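Counting starts at 1 for both ligands and their atoms, following the listed order. No experiment lies behind these values; they were computed from the predicted model shown.
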Amino acid sequence: MTETTTRKPIRKAVFPVAGLGTRFLPATKAIPKEMLPIIDRPLIQYAVDEAREAGIEELIFITGRGKTAIVEHFDQAYELEATMGGRGKSLDVLEPTRIQPGNLVTVRQQVPLGLGHAIWCARAIVGNEPFAIFLPDELMVGNPGCMKQMVEAYNEVGGNLISVLEVPEDEVSSYGVIQPGKRGFGPGGALTEVLGLVEKPKREDAPSNLIISGRYILQPEVMRTLESQGKGAGGEIQLTDAMARMIGQQPFHAVTFAGRRFDCGSKTGFVEATLALALEREDMADEVRAMAKRLLGV
Ligand code: G1P
């Protein structure tokens, strides 16, 4: 692979949002889990903001039945805007939801065959260029954001990158886990060489406690690899298994994110994210702190 192909800019991002969100039922019976708000922005908005901060403008949503609200959220709301405008209200609050015409594409994942299959559904739109993937359940808070840090690393090393973080050993079996090689190099010493990847290993089989935390920059060859990818953990077509097969053929690095991560796929993670972000908002921090103290009796 030549330098020019490894450093093509990252212009496209894939957001797999077809999941049923069963962990949040009944809240997610009629609305997608990605539309559940952390304070006043739906979860998907945080991922889209992170993508745009990293210079990515073309958004590809892998959706399913019942997910139309996500597309509505990023559409122009004529009645709302006309009414607000007529009342002299500022429309600035809607700014993050504005996507240039043509920059949002949806693809349906017709059957829930796994994350690897969801990503493969985007192959025609991704085409022959590197792309990013965001799992919106993972809320990454940092300055710069996680994807921006990854793009900086990509500009140095090219190839494929995944974000990683350390978790307690008894949690590794819920995630994709890396086998690390050389560590602590590249921008901010954040890079680790990836020698192997396993999806949801048993605790005793895990090669480390460094887990894949829901952000990826991948070369388009992963689509070809996914084509012949058999079922893996949980009987699903796993992205991790396809990436593992690419190690050795292309550069593969992990980026340790300098920032905080909230697992909004779990209820406690969701509450934690809500509280943490509320405590940082100028318009509500004091009130929320006082409320939290009152509730805790401290
Ligand atoms: C997916 C990936 C896994 C990754 C995790 C991060 O798993 O397959 O490698 O560590 O997201 O949240 P899922 O949560 O879909 O089971």
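Note on R23 versus D137: no salt bridge recorded, every NZ/NE/NH1/NH2 to OD/OE distance being 4.0 Å or above. At a threshold of 4.0 Å, the pair R224-E221 does not count as salt-bridged, since none of the basic side-chain nitrogens sits closer than that to a carboxylate oxygen. Ion pairing of R52 with E57 is present here, as a side-chain N (NZ or NE/NH1/NH2) and a carboxylate O approach within less than 4.0 Å.
For K33 (side chain) and L43 (main-chain N/O), no donor-acceptor pair under 3.5 Å exists by modelled atom type.
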Distances under 3.5 Å, N/O of ligand 1 against N/O of the protein: list each pair and its distance.
residue  : atom   : partner : partner atom : Å
ligand 1 : 7 (O)  : K200    : NZ           : 3.4
ligand 1 : 8 (O)  : E199    : OE1          : 3.3
ligand 1 : 8 (O)  : E199    : OE2          : 2.7
ligand 1 : 9 (O)  : G176    : N            : 3.1
ligand 1 : 9 (O)  : E199    : OE1          : 2.7
ligand 1 : 9 (O)  : T240    : OG1          : 3.3
ligand 1 : 10 (O) : G176    : N            : 3.0
ligand 1 : 10 (O) : I212    : O            : 2.6
ligand 1 : 12 (O) : E138    : OE2          : 2.5
ligand 1 : 16 (O) : K200    : NZ           : 2.6

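Applying the side chain to side chain donor-acceptor pair (under 3.5 Å) test to E138 and every residue at least two apart in sequence or in another chain returns R261.
The shortest side-chain heavy-atom distance between Q219 and P130 falls under the 4.5 Å cut-off.
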